[in-house]
Amino acid sequence: MSQKTDLEKIASKVASCKDCPLYKEAQNPVAGQGDPEAKVVFIGEGPGANEDKLGIPFCGRSGNLLDKLLAQIYLKRETVFITNIVKHRPPKNRDPTPQEIVTCTPYLRQQLLTIKPKVIVTLGRFALNYFIPDVFISKSHGQLVEIKWEGLDLNLMPLYHPAAGLRNGNVLKDIQADFIKLGFFLGTIKKKKPSTLENKELEKEPAQTDLFSKN
Ligand code: URA
């Protein structure tokens with residue numbers, strides 16, 4: 001069975017999931033989006049209002065920033081996979097509870113074991129602490145670590161959540177600098193499947209231009 005079919009099955013399980021209370025107030029499930037064979041997976045916290053309305057991860061203000069950051073390192077959204085720790089929106093964008101995370105993350109686990117990425121980019125502390133508990137994002141952001149997780153060899157890059165960058169200019173600068181590091185790292189990875197992580201795109205050096213100019 002193809003990875004695409006397997007991911008669709010996981011998404012349909014998410015859609016009918018009532019294992020925690022989050023589904024009650026959510027309008028739509030947000031399982032994830034992107035290339036089923038992606039080498040890079042981005043993991044956020046949970047859907048916000050726009051994501052809940054459309055069923056698509058990172059399609060609001062944070063998503064707009066994420067798109068700009070991806071463009072800065074010549075990555076197209078369609079060539080990566082984007083998902084979240086919890087798949088239904090926590091009411092009023094509150095933090096997901098530990099119980100909701102424990103209940104929901106088996107879906108993330110199944111997604112990752114299906115995609116088998118080489119690189120995980122965690123956006124914010126909830127995604128980081130799913131892989132490495134008790135680590136502070138303020139200390140570890142931008143530092144690539146190799147981890148063994150569920151039999152997969154993963155390169156994990158912890159980043160601040162884009163929403164934190166929208167609230168604080170200094171954090172935004174950190175995110176931008178960390179993305180440049182991510183871009184250089186991706187350029188060093190041996191590409192076995194050029195179709196999923198386009199060689200030509202990754203061989204370029206990340207742009208050093210000002211991401212946040214109005215053009
Ligand atoms: N914030 C997240 O963590 N995930 C989304 O999908 C959107 C905003």
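All figures in this text were calculated on a predicted structure; none of them were measured in a lab. Indexing begins at 1, ligand by ligand and atom by atom, following the structure's order. Side chains are part of it too, since the values below use all heavy atoms of this structure and drop only hydrogens, waters and symmetry mates.
- Summarising the contacts of atom 6 (O) of ligand 1 with F58, F42, F126, the nearest heavy atom is found in F58.
- Across L144, L128, I43, a single residue satisfies side-chain contact (heavy atoms from CB on, under 4.5 Å) together with L156, and that is L128.
- Considering backbone and side-chain atoms alike, G48 places every N or O at 3.5 Å or more from each N or O of ligand 1.
- Between the Q111 side chain and the A31 main chain, a donor and an acceptor come within less than 3.5 Å of each other.
- The contact set between ligand 1 and G46, taken as ligand atoms under 4.0 Å from a residue heavy atom, comprises 1 (N), 2 (C), 3 (O), 4 (N), 5 (C), 7 (C), 8 (C).
- At under 3.5 Å, not a single nitrogen or oxygen of P57, backbone or side chain, sits near a nitrogen or oxygen of ligand 1.
- Protein heavy atom in closest approach to atom 4 (N) of ligand 1: N84 OD1, 2.7 Å.
- Each of the following atoms of ligand 1 lies closer than 4.0 Å to a heavy atom of G44: 3 (O).
- Using bins of under 30°, 30° to 60° and over 60° for the plane-to-plane angle, the ring pair F179/F42 lands in the parallel bin.
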Just do the side chain to side chain contact (heavy atoms under 4.5 Å, CB included) check on K68 and Q72 with the steps written out, would you?
CA-CA 6 Å; K68 286 182 180 172; Q72 185 187 21; over 6 Å; no

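- By the criterion of a heavy-atom distance under 4.0 Å, both the backbone and the side chain of E45 are placed next to ligand 1.
- At distances below 3.5 Å, at least one donor-acceptor pair connects side-chain atoms of Q143 with backbone N or O atoms of K139.
- Checking side-chain atoms of S140 against main-chain N and O of F136 turns up a donor-acceptor pair under 3.5 Å.
- Between the side chain of N84 and the backbone N or O of V86, no donor-acceptor pair lies under 3.5 Å.
- Within ligand 1, counting atoms from 1 as listed, the ones closer than 4.0 Å to a heavy atom of H161 are 1 (N), 2 (C), 3 (O).
- No N or O atom of E51 sits closer than 3.5 Å to an N or O atom of ligand 1.
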